[in-house]
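Hydrogens, waters and symmetry mates are skipped; everything else that's a heavy atom, side chains included, is used. Note that ligands are numbered from 1 as they come in the structure, with each ligand's atoms numbered from 1 the same way.
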Amino acid sequence: MKTKIVKSNGISGTIRLAGDKSISHRAALFAALATGQSSIENFLDAGVTRVLLNNLTKLGVTWQMAGNTLTVEGNGIGGLKEPTDVLFCGNSATTLRLLAGVIAAAGLDATLDGSDGLRKRPMKRIIEPLHSMGVPLKGSDSNTAPLKFQKRSLFDPLEGQNISLNVASAQVKTCVLLAGLGANTPIIVNEPAQSRDHTERLLKLIGAAITVDEANHSIRLIIPDEIMLNPLDLTIPGDISSAAFLIVAALIIPNSSLRIENVGLNPTRTGLLDVLIEMGGQISILDERVENNEPVGTIEVRSSELVGIEIDGDTIVRMIDEFPIFAIAAVCSEGKTTVRDATELRYKETDRISVLSGELLNLGVDIEEKPGGFIIEGGKGISGGECNGHGDHRLAMSLSILGTVSEQPIIVKGTGIIKESFPNFFELLTSLGVDSINLYE
Ligand code: S3P
């Protein structure tokens, strides 16, 4: 599918968003590992979470979606069944890397695989620590999916380790911590910078013995003789990474005013908000509170005159998913924006530095690709044209938002992929005052 997006005269409204993608993944998975029935409200029902749920079915877990409430019957880690079929993870690296930790802990004979895109994502980062714990696992010759796990007796527990990750990745951290549930000694994970900490918060909520040394980005998980995780009863906050597209839209489209309620405000995820405020964005945070161990609140945004900025260091990991839409904010800002230290972007759904630079360059943006980021000279206006989302949901949404401020319409090819994480993206934009027309390729 391709979509034509027309210049908007302003967006306004009050909205709530579907549940955070990272928390939805973890909530479904931890509910499957708990003992008893879990109820999860505002669960993100999208492509990436459906692949996880289908795999839970293959592992013998029963679940039900009614509206946006997910109920899961958990039978503990030992209650998981050996799958008779490949655990197919589609485009979702989160599903694959998190499930890898669970399969490792449960000692199951299983194969994890995914789409051609997912088969290109690096898996050495989980294979190595899992090997060090004694997990019998093999990836492809280039250390990618499919990942084949051999059966391991639960009388032969994994070895807890003190593992130092060389990349700040919440997926890797979570994989290792989940594998740690099958170890007989504590597992300690040290990160080079703090990645999103939803796993730690949720594990604490369901009774795991986990301690976090925030200053040193170090997490210690101790497994009691018998692991018994409590079921969950929670509401997932709206996804801050989905809100990001609408926040930038409200900032760059003149005459806009937007209120997003019940959105997640976990500080490991709010790097983009801090950066946009520093660029001159009129963004207010209201009604801040903690629900189910996660910070939540309301974000109000008004059209703003933005100026360019330099970003590097620890801020990168706090906004790792937001660079495609951040680049659109930079295009609409006066002056130069520089991004450094962001090589990790090359290992996302696409090589986001290269693909983003290529697409923006084609649309006439003054952008220069760098090994670890990019430089954009903003404030020069956009005339319109055709571009491609390259099978990357966040790139397709970001290019669509650029269409809302472009003199002539922008046509984005490959917008079908957006349903992987934000199924009602265009519907919501339309309700706020953006015209978009779906054209079939
Ligand atoms: C995620 C972690 C991040 C992020 C992804 C979701 C998670 O990936 O990009 O969208 O839910 O743990 P990395 O761990 O690879 O940085």
Side-chain angles (χ1 to χ4, degrees), residues 18-30 43-44 46-49 51-52 89-102 114 117-118 120-129 143-145 163 165-179 189 191-203 217 219 236-237 239-245 264 266 268-272 294 314-326 341-353 356 391-398 417-418 420-422:
D20 185 90
K21 169 167 94 70
S22 292
I23 304 179
S24 293
H25 270 122
R26 287 157 173 78
L29 201 55
F30 296 176
F43 184 80
L44 171 68
V48 290
T49 49
V51 287
L52 173 65
C89 303
N91 292 317
S92 175
T94 312
T95 299
L96 194 146
R97 294 193 178 118
L98 268 52
L99 269 179
V102 170
L118 186 54
K120 293 192 186 110
R121 309 277 297 268
M123 293 299 156
K124 192 174 171 193
R125 51 184 65 192
I126 59 168
I127 294 174
E128 278 185 352
N143 276 322
T144 53
I163 294 174
L165 305 179
N166 43 27
V167 53
S169 160
Q171 291 176 0
V172 178
K173 169 174 67 178
T174 306
C175 171
V176 172
L177 288 172
L178 285 170
V189 186
E191 299 189 274
Q194 192 183 13
S195 64
R196 62 192 68 191
D197 65 353
H198 308 299
T199 297
E200 296 89 306
R201 288 171 183 267
L202 216 45
L203 279 176
H217 316 306
I219 304 111
I236 299 184
D239 195 326
I240 181 77
S241 293
S242 296
F245 300 101
N266 182 314
T268 61
R269 299 282 300 282
T270 49
L272 180 74
E294 283 283 350
D314 286 1
T315 308
I316 303 294
V317 65
R318 293 182 55 237
M319 57 180 285
I320 193 68
D321 287 337
E322 276 62 83
F323 281 92
I325 190 61
F326 167 71
D341 302 337
T343 318
E344 258 307 292
L345 294 178
R346 296 199 181 273
Y347 308 108
K348 295 296 176 188
E349 283 80 338
T350 53
D351 173 340
R352 282 193 177 145
I353 297 181
L356 178 69
D392 183 336
H393 54 137
R394 298 197 202 279
L395 184 64
M397 287 187 272
S398 303
I417 194 76
I418 293 174
E420 284 293 294
S421 71
F422 198 161

Quiz item: Distance from Thr49 atom OG1 to Leu29 atom CG, nearest 0.5 Å?
Solution: 12.5 Å
Quiz prompt | Ser195 side, atom OG; His217 side, atom NE2 - distance, nearest 0.5 Å | solution = 9.5 Å
Below 3.5 angstrom, do we get any N/O pair linking [X] and ligand 1?
X: Ser169; value: yes
X: Asp321; value: yes
X: Arg196; value: no

Self-check item: Expected output: side-chain Arg121 to main-chain Gly117 donor-acceptor under 3.5 Å
Solution: no
Quiz prompt | Closest protein heavy atom to atom 1 (C) of ligand 1, given as residue, atom name and distance to 0.1 Å | solution =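 Checked against all protein heavy atoms, atom 1 (C) of ligand 1 sits closest to Gln171 NE2, 3.6 Å.
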Quiz item: Nearest to atom 12 (O) of ligand 1, what protein heavy atom do you find, and at what distance?
Solution: Arg26 NH2, 2.6 Å
Quiz item: Taking the six-membered ring of Tyr347, is NZ or CZ of Arg125 closer than 6.0 Å to its centre and within 45° of its axis?
Solution: yes
Self-check item: For Ser22, atoms of ligand 1 separated by under 4.0 Å from a heavy atom
Solution: 1 (C), 6 (C), 7 (C), 11 (O)
Self-check item: Atoms in ligand 1 flagged as close to Ala170, the criterion being non-hydrogen separation under 4.0 Å
Solution: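 Selected atoms, number and element: 12 (O), 14 (O).
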Quiz prompt | For Phe245, all residues meeting ring pair (Phe, Tyr, Trp, His ring centres under 6.0 Å), sequence neighbours excluded | solution =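 With neighbours one apart ignored, the set is empty.
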Exercise. Consider ligand 1: state whether an atom of it lies below 4.0 angstrom from any non-hydrogen atom of Thr94.
Key: yes
Exercise. With heavy atoms only and a cut-off of under 4.0 Å, state how Lys173 meets ligand 1: side chain, backbone, both or neither.
Key: neither
Practice problem: Can you spot which of Arg196, Lys21, Arg269 makes a salt bridge (Lys or Arg N to Asp or Glu O under 4.0 Å) with Asp321? | Solution: Arg196
Quiz prompt | Contacts of Thr315 that satisfy side chain to side chain contact (heavy atoms under 4.5 Å, CB included) - sequence neighbours left out | solution =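 Thr315 satisfies side chain to side chain contact (heavy atoms under 4.5 Å, CB included) with Val275, Ile311, Met319 only.
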Quiz item: Nearest non-hydrogen atom to atom 13 (P) of ligand 1 belongs to which of His198, Lys348, His25, Glu344?
Solution: Lys348
